[in-house]
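Step one of this worksheet: look at the structure below.
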Protein chains: 2
Amino acid sequence: MSRRVTSQDVADLAEVSRTTVSFVLNNVNRFSIRPETAEKVRLAAQQLGYYPNASAKALASNQTQNIGLIFTRSPEYIASDSFLPQILSGMLDVVKQHSLSLLVEWVEPGQQLETYLQLTRAHHIDGIILMTPRTDDTGIKALEEADIPVVVMGYIPDSTLHSVDVNNLEAAQEAVEHLIGLGHRQIACITNAALPFTSAVQRLYGYRRALESAGIPFDPDLVREGDFEAKSGYKQMKSLLDSGKKFSAVFVASDAVALGAYKAIWEAGLAIPDDISIVGFDNLPLSSFISPPLTTVHMPARKIAQDSCYLLMRLMKREFPESRMVSLPTTLIIRDSTRKLEESRML
Amino acid sequence: MSRRVTSQDVADLAEVSRTTVSFVLNNVNRFSIRPETAEKVRLAAQQLGYYPNASAKALASNQTQNIGLIFTRSPEYIASDSFLPQILSGMLDVVKQHSLSLLVEWVEPGQQLETYLQLTRAHHIDGIILMTPRTDDTGIKALEEADIPVVVMGYIPDSTLHSVDVNNLEAAQEAVEHLIGLGHRQIACITNAALPFTSAVQRLYGYRRALESAGIPFDPDLVREGDFEAKSGYKQMKSLLDSGKKFSAVFVASDAVALGAYKAIWEAGLAIPDDISIVGFDNLPLSSFISPPLTTVHMPARKIAQDSCYLLMRLMKREFPESRMVSLPTTLIIRDSTRKLEESRML
DNA sequence: TAGTTATATTAACGCGCGTTAATAGTTGCT
DNA sequence: AGCAACTATTAACGCGCGTTAATATAACTA
């Protein structure tokens, strides 16, 4: 139970003042310090195993070196977020490179305002990355007004917050156009999430626009709402199959949900893509391994996370980028879950 | 750009001293405070939107209220950790309930000692949860000696650290015995990870012990090493199939890796479970949705995370539990990827 | 009324570090 | 030698809060 090593100890051992220690270890070159002195200090620090106390440093410098990753979903849903590993991976990568730390939080729906205020006022963190935003987030305005850098991973309409996202609308449109290009006309849709989640709306719009520009009427009976999990895809695909509506293809706006749809189709004695073509969205690591490998839209999840970090770090340095939105490209990855209509048996 | 609200402001507004404010807001009842005074303080705090500064609080109280979740793998591997969402979900759940925060870090192999020292000495965090430990972790000893609560999620041989884990050995043994019970005699094995990861060794032992107690000789040529990702399962299963060795079943010690094996089997023109039975390990949310649904060992991942938190919190309160190891039960979940040997075609 | 206890409140210090303004030391130039 | 212009170093304050020891007030006794 040895006493904590402070900068004073280092100063004593190096026979200099505490200030000098601070200057040396923080590379403050505004006041020049003799190289030998600096070396002496560094040596002493290493010898004592000195690490500056994070709280004290934060208090004195008014910078915590923490950035907050904030989820707007409850833990139950977080558990089934198949993207999370990639996101976290990307963030940890960048964050560590810049000697920052990552603080993970989630906010209860309805508690957003309170939580955001607390996070910013208590100054737990220097900046915020907000995941999977919802249009019904009651705290966004507080975040906009608070004097803290914020990056949204995703899209919030009419917000002044900076954001990093893909063009969900165009990507979804491209996916559905792929189906149309294969000759499909009756195309169902299962969303990735409930509609308060902006990505769900965007992808649904993409679906509609693709139909529209091909002159195919939109049929609300062919649309179902997923909720991140495979289970919802299973249920909704069953519902579609039971509805009696005819369709030869489905756009499922989430790979995880699509996997549920796979099961429903398979249980109904139908085959993919022989009877039904499926396009997913996300390109999870597992999507190329399921049978048949899923045609899907590649989301550069790791890159989104990294770019969000980079953007946030620029904001923290009070650099203001020209554009408020960073839009990353997606790619349609064609595998074996889609096929030309001629070759399929019409349902 | 209004100045930060401090406890002094609250004191001024409530016409009391700063100390009283602190007593009221921290529920210190050693000195009794008149209810009306307390109410006045609370009102003032709310009115001003006062939130105590986290750094100052940490510095003064010597408690950061952060617990560190530490990964011992590089971000590339973290990206393919299909368990992570459940783990994080469980931890966020508990942590939030107790007004703590979660700080996520990863340590580079070889940098463990340095990183652990920094984390503990800099006192960024009050406690540590160490994920997927490796036997070749060079910093474990430092962690044992450091005066900071640590919980290991998993198992480290010969360590004095507290840990929460399942009995990987018995679970694996049960899984393989299930195959043996179905009449299989030639059973291959693909590990979940490289052998420095303790869970991989344990599960491999379980496989060996099941063979042993059934009087089946162990054949090293039937064993391959996976590395968390589906891709490795694909590659290793291909290698097994190409080896010319006969086997009618495989124990794949990770569902994600098993999915890769599925693909290899399927590409080889074989069927599961007709030609090959497969047992996985983990019971990922997706495992019941793939085709055929995977027989696997259920890992209570979320519960492991929660229990780790609870244990850590006890340690942080300087309560020392009787047992150093918490062992959670697993369940073998039998689905459709395994079948009696008689009904299968022998490979 | 004076003395005693219980109750309520505050002044003041310390946590460990960053940083400014001031001081001591050194060199260059006239 | 005398002054200026650097260079190197330090004393001292503040960040915002927790907490102890001391003080002020009220509430009872005798």
Side-chain angles (χ1 to χ4, degrees), chain A residues 2-42 44-45 48-65 99 118 120-126, chain B residues 2-42 44-45 48-65 99 118 120-126:
Chain A
S2 56
R3 207 176 49 76
R4 171 178 295 150
V5 178
T6 73
S7 64
Q8 183 64 61
D9 299 330
V10 178
D12 291 348
L13 181 59
E15 295 178 313
V16 297
S17 80
R18 219 171 48 65
T19 309
T20 304
V21 172
S22 175
F23 284 167
V24 171
L25 298 183
N26 294 315
N27 299 313
V28 177
N29 47 12
R30 196 151 27 82
F31 304 91
S32 35
I33 285 180
R34 211 187 323 158
E36 6 179 342
T37 309
E39 196 45 44
K40 207 168 50 175
V41 169
R42 264 186 274 272
L48 293 173
Y50 168 72
Y51 295 89
N53 180 282
S55 308
K57 196 163 184 161
L59 182 58
S61 68
N62 200 24
Q63 294 200 24
T64 61
Q65 311 288 28
S99 314
Q118 162 152 11
T120 54
R121 299 275 241 275
H123 204 266
H124 236 82
I125 51 187
D126 292 340
Chain B
S2 56
R3 206 176 50 75
R4 170 178 296 151
V5 179
T6 74
S7 65
Q8 184 63 61
D9 297 330
V10 178
D12 291 347
L13 182 59
E15 294 177 317
V16 297
S17 80
R18 219 170 49 65
T19 308
T20 305
V21 172
S22 175
F23 284 168
V24 171
L25 298 184
N26 294 316
N27 298 312
V28 177
N29 48 12
R30 198 152 23 85
F31 305 91
S32 36
I33 286 180
R34 210 189 320 160
E36 3 180 342
T37 309
E39 195 47 43
K40 207 166 51 174
V41 169
R42 265 186 272 272
L48 293 173
Y50 168 72
Y51 295 90
N53 180 283
S55 309
K57 196 162 183 163
L59 182 59
S61 67
N62 200 26
Q63 294 200 24
T64 62
Q65 310 289 27
S99 314
Q118 164 152 11
T120 54
R121 299 277 239 276
H123 205 264
H124 236 83
I125 51 187
D126 293 340

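In the text below, chain A, chain B and the rest are named by the order of the sequence lines, each starting its count at 1.
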For this session: Using a cut-off of strictly less than 4.0 Å, decide whether A/Asn26 has a side-chain nitrogen or oxygen near OP1 or OP2 of C/dG18.
Result: yes
For this session: Kindly point out which of D/dA11, C/dC17, C/dG16 is positioned nearest to the side chain of A/Ser7?
Result: C/dC17
Exercise. Counting just side-chain N and O atoms, does B/Arg18 come under 4.0 Å of either OP1 or OP2 of D/dC17?
Worked result: no
For this session: Let me know the distance between CZ of A/Arg121 and C1' of D/dG16, rounded to the nearest Å.
Result: 16 Å
Seminar exercise, completed: Of the listed C/dT19, D/dT10, D/dG18, the closest approach to the B/Lys57 side chain comes from D/dG18
Exercise. Is any side-chain N or O of A/Tyr51 closer than 4.0 Å to OP1 or OP2 of C/dC17?
Worked result: no
Exercise. For B/Lys40 and C/dT9, what is the distance between atoms NZ and C1' respectively, to the nearest whole Å?
Worked result: 11 Å
Exercise. Can you name the closest pair of heavy atoms from B/Thr6 and B/Tyr50 and give their distance?
Worked result: C-CE1, 3.5 Å
Problem set entry | Euclidean distance, atom NE2 of residue A/His124 to atom P of D/dC17 [Å, nearest integer] | 14 Å
Exercise. In terms of side-chain heavy atoms of A/Val16, which of D/dT10, D/dT9, D/dG16 is nearest?
Worked result: D/dT10
Exercise. Hey, is the side chain of A/Ser17 poking within less than 4.0 Å of OP1 or OP2 on D/dT9, counting only N and O atoms?
Worked result: no
Seminar exercise, completed: Regarding the side chain of B/Pro52, the nearest nucleotide among D/dA12, C/dG16, D/dC17 is D/dC17
For this session: Select from B/Pro35 and A/Ala60 the residue whose nearest nucleotide in DNA chain C is closer to the 5' end of that strand.
Result: B/Pro35
For this session: Say whether, by atom type as modelled, one donor and one acceptor occur between the side chain of B/Asp126 and the main chain of B/Thr64 under 3.5 angstrom.
Result: yes
Problem set entry | Separation of atom CG in B/Asn53 from atom P in D/dG16, rounded to whole Å | 7 Å
Problem set entry | Point-to-point distance, once rounded to the nearest 0.5 Å, from OG1 of B/Thr120 to CZ of A/Arg4 | 10.0 Å
Exercise. B/Thr20 side chain N/O closer than 4.0 Å to the phosphate oxygens (OP1, OP2) of C/dA8?
Worked result: no
Exercise. Over how many whole Å does the gap from A/Asp9 atom CG to C/dG16 atom C1' extend?
Worked result: 11 Å
Exercise. Given D/dG18, is OP1 or OP2 found less than 4.0 Å from the side-chain N or O atoms of B/Ser61?
Worked result: no
Problem set entry | Closest to side chain of B/Arg34, choosing from D/dC15, D/dT19, C/dA8 | C/dA8
Problem set entry | Identified side-chain contact (heavy atoms from CB on, under 4.5 Å) partner of B/Thr20 from the options B/Val10, B/Thr37, B/Val28 | B/Thr37
Exercise. With respect to the phosphate group of D/dG18, does any side-chain polar atom (N or O) of B/Thr19 fall under 4.0 Å of OP1 or OP2?
Worked result: no
Exercise. So what does B/Thr6 touch, heavy atoms closer than 4.0 Å: a base, only the sugar-phosphate, or nothing?
Worked result: sugar-phosphate
Exercise. D/dG18 C1' sits how many Å from A/Leu59 CG, rounded?
Worked result: 13 Å
Exercise. In whole angstroms, how far is the P atom of D/dC13 from the CG atom of A/Asn62?
Worked result: 21 Å
Exercise. What is the distance from atom CG of A/Asn53 to atom CG of B/Asn62, rounded to the nearest 0.5 Å?
Worked result: 7.5 Å
Problem set entry | Nearest-neighbour nucleotide for the A/Thr37 side chain, D/dT9, C/dG16, D/dC13 considered | D/dT9
For this session: Whole angstrom is fine here: how far is it from CD in B/Gln8 over to C1' in C/dT9?
Result: 14 Å
Exercise. Considering only side-chain heavy atoms of A/Phe23, which listed nucleotide, D/dT20, D/dT10, D/dG16, is closest?
Worked result: D/dT10
For this session: Give, for atom CD of A/Glu39 and atom CD1 of A/Ile33, the distance between the pair rounded to the nearest 0.5 Å.
Result: 12.5 Å
